[in-house]
Amino acid sequence: MKIIIATKNEGKVREFRNLLTPLGYEPVSLKDEGIDAEIDEDGETFEENAHIKAREIHRLTGLPVIADDSGLEVEFLGGAPGIYSARYAGEGATDEERNQKLLDEMQGVDLPLRNARFVCALYCILDGKREYCVTGTLDGFIGEEPKGGHGFGYDPIFMIDGDTSLAELDEEEKNKISHRANAMKKLLDALKNE
Ligand code: ITT
């Protein structure tokens, strides 16, 4: 089944391709389809924003769609940056700038207070009647400095244990444990009954 991955984030597209292709789906990106939609993500939750993106891309294409809204919640910062993760260091900032801003905010904060979690909401629209929303998480903590060259976004500063950042796992390893993989497992369970 051809399914549009409603994201402009190339890191997400890569992960979805690796998660879905072995299962017989044909994931295509917005770029593959030549779609360049500006979508206003003005929801108040990850789930609402994923719904907004999925609805708009399904409206434009009429094809099955999966949209992802995700981000990082840091306990010490009251759950920030949360749904604002992509805009944390302002529009147009790089992953490195966002990571540095977060490290600056967390400077001097002791390890027990550095807990964080990644959240991923997926909203899937197959057609006008069949829609699914699932959420996956991954617990960890914020490191002291960026580490590792894999993945994308906040991966280099997100520690999964005392030594290892998420960016030190290759894609296959990240896809065994990530918030996105956990959400995708739930979505695939729901789609199995289709
Ligand atoms: P789309 O809206 O086009 O999907 P986006 O990058 O703007 O792309 P979001 O609004 O969902 O996506 O923002 C997600 C933010 O959280 C963004 O800054 C990502 O880098 C970060 N993020 C999400 N999943 C991540 C992951 O697996 N590893 C590291 N950072 C992640």
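Keep in mind that this is a model prediction, so the values were computed, not measured. Whatever order the structure lists them in is the order used to number ligands and atoms, beginning at 1.
Near His179, with a cut-off below 4.0 Å to any heavy atom, the atoms of ligand 1 are 24 (N), 25 (C), 26 (C), 27 (O). Within the listing of ligand 1, atoms 20 (O), 29 (C), 30 (N) sit less than 4.0 angstrom from a heavy atom of Gly153. Those atoms of ligand 1 with a heavy atom of Lys53 less than 4.0 angstrom away are 1 (P), 2 (O), 4 (O), 9 (P), 10 (O), 11 (O). For ligand 1 and Ser85, the ligand atoms under 4.0 Å from any heavy atom of the residue are 15 (C), 16 (O), 18 (O). Within ligand 1, counting atoms from 1 as listed, the ones closer than 4.0 Å to a heavy atom of Asp69 are 9 (P), 10 (O), 11 (O).
Closest protein heavy atom to atom 21 (C) of ligand 1: Tyr154 CD1, 3.8 Å. Nearest protein neighbour of atom 24 (N) of ligand 1, counting heavy atoms only, is Arg180 NH2, 2.9 Å. Looking from atom 1 (P) of ligand 1 to the surrounding protein, the closest heavy atom is Thr7 OG1, 3.3 Å. Asp155 OD1, 2.6 Å is the protein heavy atom nearest to atom 28 (N) of ligand 1. If you check which protein heavy atom lies closest to atom 23 (C) of ligand 1, you get Ser70 OG, 3.1 Å. Shortest contact from atom 6 (O) of ligand 1 to any protein heavy atom: Asn9 ND2, 2.9 Å.
Hydrophobic clustering, with ILVMFWY side chains joined whenever heavy atoms are under 4.5 angstrom apart, keeps Phe152 apart from Leu169. Residues Leu77 and Leu72 are members of one and the same hydrophobic cluster, defined by side-chain heavy-atom contacts under 4.5 angstrom among Ile, Leu, Val, Met, Phe, Trp and Tyr.
Here CZ of Arg98 is found 5.0 Å from CG of Asp95. Values are rounded to the nearest 0.5 Å. Considering CZ of Phe16 and CE of Met184, their distance stands at 4.5 Å, rounded to 0.5 Å. Here Lys174 contributes atom NZ and Glu15 contributes atom CD; the two are 3.5 Å apart, rounded to the nearest 0.5 Å. To the nearest 0.5 Å, atom CG of residue Leu23 and atom CE of residue Met1 are 12.0 Å apart. Atom CG of Leu122 sits about 12.0 Å away from atom CZ of Phe46, to the nearest 0.5 Å. For the atom pair SG of Cys124 and CD1 of Ile4, the computed distance is 11.5 Å after rounding to the nearest 0.5 Å.
The pair Arg59-Glu56 counts as a salt bridge, with a side-chain nitrogen and a carboxylate oxygen less than 4.0 angstrom apart. Residues Lys101 and Asp104 are not paired through a salt bridge, judged by the lack of any N-O separation under 4.0 Å between the basic side chain and the carboxylate.
Across Lys174, Lys8, Lys12, heavy-atom proximity to atom 5 (P) of ligand 1 is greatest for Lys12. Of the options Ala167, Ser29, Ala93, Ala86, the smallest heavy-atom separation from atom 7 (O) of ligand 1 is shown by Ala86.
Residue contacts with ligand 1, taken as heavy atom pairs separated by less than 4.0 Å, involve Phe152 via backbone and side-chain atoms alike.
Residue Arg87 places no heavy atom under 4.0 Å from ligand 1. Using 4.0 Å as the threshold, Gly71 has a heavy atom nearer than that to some atom of ligand 1.
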